[in-house]
Amino acid sequence: MTKNPFEAFQKQVESASELLHLEPHIVELLKWPKRVLEVRFPVKMDDGRTIIFTGWRSQHNDALGPTKGGIRYHWDVTKEEVMALSGWMTFKNATAGLPYGGGKGGIRFRDMDGSPINPKELSDAEIERISRAFVDAIAQIIGPEKDIPAPDVYTNPKIMGYMVDEYSKLRGYWAPGTFTGKPLSIGGSEGRGTATARGGFFILKEALKTVAMKFEGLTAAVQGFGNAGSYEALFLYEAGVKVVAVSDSKGGIYNGDGLNIPEVMQFKAERGTVVGFPGAEKISNSELLTLEVDILVPAALENQITVDNAEDIKAKFILELANGPTTPEADEILYKNGVMVLPDILANSGGVTVSYFEWVQNITGYYWSEEEVDKRLSEKMKVAFKHVFEAAKEFGVDMRKGAYVSSIRRVVEAMKDRGMI
Ligand code: GLU
């Protein structure tokens, strides 16, 4: 059973490469990151102790342009996970038609005795010191023309603010195009905060069109109520979908008549969790996945839909806002059962697409309105969906394989045109 995200990534690349009859040396290149930097750095905590953190920045492939992808703060981050995530970024960026390769970073939040540290429980000052120290450690390999980080799990615009400040200090000039997902006041883009969810909404809209369905009257469950999941729940709610269940790391809530999502968001902002929301029953994260709903949105972490529960999934559409939530074995089962999986590298590509817009705005120094960002995002998502849908039809495969086939073709073409292979 594939529980290691890097193995899952390699399997996905292998099966698409077979369809394309790629030569073995090309497959080998696509299966591994070009460069992985492992760093260790000391950080003084508020109680006076010093913790040595370990982190990574992986640059998977830079044929299409500078590498791009977020930085994750989590106690379970491993080198292999970061490598997988960087590979997924390569094919996500190519799927979205962006002039970028794929990169990803992560810090493993563990105490000196190996026990997990929850980044959410640290003080602002501690997070700032960790973020600045990580930038110091990876500064040599990042930059607007090299590798452009952004937020990911448990990182946010505030952290990007510390990071871009640290990088600019090191260089001796203001370099806003080094990080995306920044606060608006320092070169962030309108619409970046909601972009992953907005992009996912556009992708789902296109998918519904292919089967002549509309949002009104459908039901949905959303696993993960962070930046992507909470806004997706809101957009679905606003489009007339009955969102019956949502969850976060502490547990889930269910109401068969539909949850009032703006109120749940308010509740989460005040209490830090959705659990305890009035008028809803408590359910577990795993129960949420197998609910009788039309749309399932995994928006948390990897390995949620596996051989253990794939057969029990009742949703007709799975919108993967998380990276890697479905294992390759589960994919086969879902495809056999007629579930349309909108794969991560397509479904959540709205985030990096607006990151690209942010980078363009930083480089040109000309800033766009929210309407402009939204319009361009919608256009990009429509084109990305069309490419993937057509490739899936052409090869007679599911949407994930369609996304891999069409994006691998792009990356390989660029590698060939540059004379890299
Ligand atoms: N972390 C996000 C992702 O996985 C965004 C990456 C970016 O904006 O560069 O797609």
Side-chain angles (χ1 to χ4, degrees), residues 5 9 56-62 64-74 77 81-107 138 142-157 159-160 163-164 176-183 187-200 203 224 226-229 231-232 298-302 319-325 342-362 373 376-377 380-381 384 403 407:
F9 164 72
W56 298 270
R57 183 74 190 168
S58 171
Q59 300 172 340
H60 174 263
N61 183 295
D62 58 2
L64 285 168
T67 48
K68 173 114 196 67
I71 295 176
R72 174 172 295 203
Y73 285 4
H74 199 273
V77 165
E81 183 192 29
V82 174
M83 281 161 51
L85 289 160
S86 71
W88 284 326
M89 285 310 302
T90 295
F91 301 116
K92 183 188 305 186
N93 293 334
T95 298
L98 309 179
Y100 288 141
K104 200 76 163 207
I107 302 177
I138 64 165
I142 62 170
E145 289 97 19
K146 273 192 197 174
D147 182 10
I148 307 128
D152 194 77
V153 172
Y154 294 170
T155 49
N156 53 36
I159 291 174
M160 294 306 113
M163 288 189 168
V164 74
T178 312
F179 292 86
T180 59
K182 301 179 294 294
S189 176
E190 293 287 352
R192 176 63 186 88
T194 52
T196 308
R198 180 75 75 195
I203 293 295
N227 179 51
Y231 281 111
E232 196 61 58
L301 293 166
E302 297 95 323
L319 182 72
E320 292 187 338
L321 291 193
N323 290 308
L342 298 159
D344 47 7
I345 61 170
L346 172 69
N348 71 31
S349 66
V352 70
T353 298
V354 177
S355 272
Y356 165 58
F357 296 162
E358 179 174 336
W359 178 79
V360 169
Q361 293 170 77
N362 292 152
V373 169
R376 289 183 193 250
L377 174 62
K380 281 259 179 221
M381 293 295 101
S407 57

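When a ligand or atom number is given, it counts from 1 through the structure's own listing order.
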> What protein heavy atom is closest to atom 9 (O) of ligand 1, reported as residue, atom name and distance in Å?
Replying inline: K68 NZ, 2.8 Å
> What orientation do Y356 and Y100 show, parallel under 30°, tilted 30 to 60°, or perpendicular over 60°?
Replying inline: perpendicular
> What protein heavy atom is closest to atom 4 (O) of ligand 1, reported as residue, atom name and distance in Å?
Replying inline: K104 NZ, 2.9 Å
> Is P149 touching ligand 1 with its side chain, its backbone, both, or neither, if touching means heavy atoms under 4.0 Å apart?
Replying inline: neither
>> Regarding atom 2 (C) of ligand 1: of the candidates G181, P151, S86, which has the closest heavy atom?
In response: P151
>> Starting from atom 5 (C) of ligand 1, what is the nearest protein heavy atom, named by residue and atom, and what distance separates them?
In response: R192 NH2, 3.5 Å
> Is the backbone of G324 close enough, under 3.5 Å, to the side chain of D344 for a donor and an acceptor to pair up by distance?
Replying inline: yes
> Can you list the atoms of ligand 1 that are under 4.0 Å from a heavy atom of M89?
Replying inline: 3 (C), 4 (O), 6 (C), 10 (O)
> Can you tell me which residue and heavy atom of the protein come closest to atom 8 (O) of ligand 1, and the distance to 0.1 Å?
Replying inline: S355 OG, 2.6 Å
> Would you find a donor on one side and an acceptor on the other, under 3.5 Å apart, between the side chain of T90 and the backbone of G102?
Replying inline: yes
> When you measure from the side chain of E320 to the backbone N and O of P325, does any donor-acceptor pair fall under 3.5 Å?
Replying inline: no
> In terms of the angle between their ring planes, are F9 and F91 parallel, tilted or perpendicular, with boundaries placed at 30° and 60°?
Replying inline: parallel
> For atom 3 (C) of ligand 1, which candidate among K92, R72, M160 provides the closest heavy atom?
Replying inline: K92
>> List ligand 1 atoms under 4.0 Å from G70, heavy atoms only on the residue side.
In response: 1 (N), 6 (C)
> Any idea which heavy atoms bring M381 and S349 closest together, and the distance?
Replying inline: CE-OG, 3.4 Å
>> Checking contacts here: is it the side chain or the backbone of N323 that comes within 4.0 Å of ligand 1, counting heavy atoms only? Could be both or neither.
In response: side chain
> For R57 and G103, which heavy atoms make the closest approach, and how far apart are they?
Replying inline: NH2-C, 3.9 Å
> Of the listed options (G105, A150, G102, A96), which comes nearest to atom 7 (C) of ligand 1 when hydrogens are ignored and any heavy atom counts?
Replying inline: A150
> Nearest heavy atom to atom 1 (N) of ligand 1: which of D152, T155, V352, T180 does it belong to?
Replying inline: D152
> Would you say the side-chain atoms of N348 and N323 include a donor-acceptor pair closer than 3.5 Å?
Replying inline: yes
